[in-house]
Amino acid sequence: MDYRGLAKLRSTYTDKLPEQINARTGRVHTSYHQAVAATGRLSSTDPNLQNIPIRTAEGRRIRQAFVAPAGHVLIAADYSQIELRIMAHLSGDAGLLDAFAHDRDIHQATAAEVFGAASPDQVTADQRRAAKAINFGLIYGMSAFGLARQLGIERGAAQKYVDLYFQRYPGVKRYMDETRAMAREQGFIETVFGRRLYLPEISSRNAQMRQYAERSAINAPMQGTAADIIKRAMIEVHRWLHGQPHARLMMQVHDELVLEVAEDRVDAVLQELRAHMVAAAELRVPLKVEVGVGRNWDEAH
DNA sequence: CGACTCACG
DNA sequence: ACGTACGTGAGTCGT
């Protein structure tokens, strides 16, 4: 497994990215595609700069190769928990809205509810990890089977977690059921901003195909609304930076924008960038943006 | 060209 | 009974 991990990094990134350097500009230039992903996300090809490694120390060394020119730094700005915030908005669940209104650690708060901790600071690391898997699973339209596999526990135990979650966050349960029903009646789902995904298989007599469409119906409003929001932010950031030479929008990675900025303008750009991203949508919960600065892309996180 | 694997959000 | 968490792109291998 160690060999495979390193072989992947070398064949996909270390060997290939240098071949993609443009002789005229000395940079790698990706292509972004606006009409590939069904949810409204962008995709990135030749090279794909939306899957540069970050999860291992060796992988991060590849990310460190993405650097700002002399006199400049990179700024990375990430939306924090944007899909769960959108789930709170769409479901209107009181507990979830309250958690984000107070900017709580959402996985810790979920763990406290599901596992009945006396207070959030009594939550163990293992309970938080399980709650995080539950939260991801909700966004993906999980089954107890899938959660069980992810956590390495028995299906019955996973089903108990799911039941407890829906007991504590009944608005989420109601939203999931209503979304499936609406998708079946209408044949499509919509994001907060009206982007549609048509799901003809939602009425299929083939159970496998129908269930796949049902998971898409659950996931697409959240993933797609997040895509809408960052696209709105990109338009505002582009308008703001138009004609300004000291800052350039360089990359988008689904919930993250990367800018190249002159060193002496960093403080002002940080504040205004965050403001544009936070203001890109007004939901029933606040949007939160985490910003970082560095000489390279890894440091900027 | 498809299957498999694995990189990211 | 059915299969089993969403969305992508790229390298490798076998055909």
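Remember, it's a predicted structure, so these values are computed and weren't measured experimentally. Every chain is numbered from 1, with letters handed out A, B, ... down the list of sequences. Atoms considered below: every heavy atom in the structure, side chains included; atoms not considered: hydrogens, waters and symmetry mates.
Residue-level contact check: Ile54(A) touches the backbone only, with heavy atoms under 4.0 Å from sugar-phosphate atoms and none from bases. Counting any heavy atom pair closer than 4.0 Å across all strands shown, Ala133(A) reaches a base atom. Among the protein residues, Arg210(A) comes within range of no part of the nucleic acid, since none of its heavy atoms lies under 4.0 Å from any strand. Among the protein residues, Glu83(A) comes within range of no part of the nucleic acid, since none of its heavy atoms lies under 4.0 Å from any strand.
The side chain to side chain contact (heavy atoms under 4.5 Å, CB included) test with Val172(A) singles out one residue from Asp177(A), Leu90(A), Leu96(A), and that residue is Leu96(A).
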Which pairs of donor and acceptor atoms, one on a side chain in residues 147-167 of chain A, lie under 3.5 Å apart (sequence neighbours left out)?
unit_1, atom_1, unit_2, atom_2, d
Gln159(A), NE2, Asp163(A), OD1, 3.0

Per-pair distances, 0.1 Å, donor-acceptor, side chain in residues 71-79 of chain A, under 3.5 Å, sequence neighbours excluded:
unit_1, atom_1, unit_2, atom_2, d
His72(A), ND1, Ala70(A), O, 3.0
Tyr79(A), OH, Met277(A), O, 2.7

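Side-chain proximity of Gln211(A) to the nucleotides dG9(B), dA7(B), dC2(C) is greatest for dC2(C).
One can place NE2 of His301(A) at 11 Å from C1' of dC8(B), the figure rounded to the nearest angstrom.
A donor-acceptor contact under 3.5 angstrom links the side-chain atoms of Arg155(A) to the base of dT4(C). A donor and an acceptor atom never sit less than 3.5 Å apart when one is taken from the side chain of Gln208(A) and the other from the base of dC2(C).
Contact annotation: Arg215(A) reaches the phosphate of dC6(C) (side-chain N/O to OP1 or OP2, under 4.0 Å).
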- Secondary structure of DNA chain C per the Watson-Crick/G-U criterion (both distances under 3.5 Å; [ ] crossing, | other strand, . unpaired) is .....|||||||||.
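Only the P atoms considered, dC4(B) is 12 Å distant from dT4(C), to the nearest whole Å.
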